[in-house]
Amino acid sequence: MSASLVIGASGGIGGALARALAARGPLTALSRRDDGLDVTDEASVARLLGALDGPYDLVICATGALGTPEKALRALEPDAFLDQMRVNALGPLLVLKHALRLMPRDRVARFGALSARVGSIGDNRLGGWYSYRAAKAALNQGLRSAAVEVARTHPQAVIAALHPGTVDTGFTAGFAADKHDPDRAAADLLRVLDGLGPAQSGCFRDWRGDEIAW
Ligand SMILES: NC(=O)c1ccc[n+]([C@@H]2O[C@H](COP(=O)([O-])OP(=O)(O)OC[C@H]3O[C@@H](n4cnc5c(N)ncnc54)[C@H](OP(=O)(O)O)[C@@H]3O)[C@@H](O)[C@H]2O)c1
């Protein structure tokens, strides 16, 4: 039976992913709130993931934070920008760095990280949100580089940047928008991830499975 690992299981989407995956088979669910796993602190990532044996056929990093999105360049603030880079770009890449040894080399193993459509440079028509957009774009580039590298040691690995849609969680509490229920979002994300094979590793997809422009 295939085992799964969810990082960020205390979140709206991470929690829904954990519920869905627990119904499939063995699940390890970790979070900062419940386990002290801070993705911006490599020592904590190394300690918590280093305590696991795996193997995990599916690893999902569902962590992230929005901060205070800037409406204009004059609102850009260095510490806030760097905080976004730490939590949204560096964090999931540190998780991948330390989760890789837990992923099998002899069969398909999938790693998905929650990115966001607004991290797309090609799709950026509204501007603003400097820090969050830049951090998700940096995450996407890191995942793409990792997909190229990891294919050498894990030829059947799939690494994907995923946009969950607009989902009703604490993250979107201040937004008036048409929001998906987290359980539906989790089902959509798992369907997309399950449908990806090694040939698609390094992709950026939305909850429908459609490619998003880099
Ligand atoms: N909701 C949406 O509409 C939407 C749209 C596009 C993209 N996304 C992306 O989807 C992901 C999850 O969003 P969500 O809606 O589920 O948000 P959420 O409910 O606010 O959950 C955020 C999760 O990230 C964790 N987290 C934040 N900073 C962390 C850190 N330094 N170390 C470890 N964990 C940390 C939180 O842990 P604690 O409980 O410990 O704080 C929580 O588990 C994010 O990457 C977000 O950018 C969401």
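The first residue in the sequence is number 1, and the count goes up from there. In each ligand, atom 1 is the first atom listed, and ligand 1 is the first ligand listed. All heavy atoms count here, side chains included; hydrogens, waters and symmetry mates do not.
- Residue pairs that meet the side chain to side chain donor-acceptor pair (under 3.5 Å) test with at least one member in residues 169-180, sequence neighbours left out, do not exist here.
- Asp188 and Arg208 are not joined by a salt bridge, as no carboxylate oxygen comes within less than 4.0 angstrom of a charged side-chain nitrogen.
- Near ligand 1, residues Gly8, Ser10, Gly11, Gly12, Ile13, Arg32, Arg33, Leu37, Asp38, Val39, Thr40, Ala62, Thr63, Gly64, Val87, Leu114, Ser115, Ala116, Tyr132, Lys136, His163, Pro164, Gly165, Thr166, Val167, Thr169, Phe171, Thr172 come within 4.0 angstrom through at least one heavy atom.
- Within the structure, the ring pair (Phe, Tyr, Trp, His ring centres under 6.0 Å) test picks out no pair touching residues 34-89 (sequence neighbours left out).
- At a threshold of 4.0 Å, the pair Arg110-Asp57 does not count as salt-bridged, since none of the basic side-chain nitrogens sits closer than that to a carboxylate oxygen.
- Under the rule for a side-chain hydrogen bond (donor to acceptor under 3.5 Å, both in side chains), the partners of Asp83 that lie at least two apart in sequence or sit in another chain are Arg86.
- Ionic pairing of Arg19 and Asp183 is present here: one or more N-O contacts between side-chain nitrogen and carboxylate oxygen are shorter than 4.0 angstrom.
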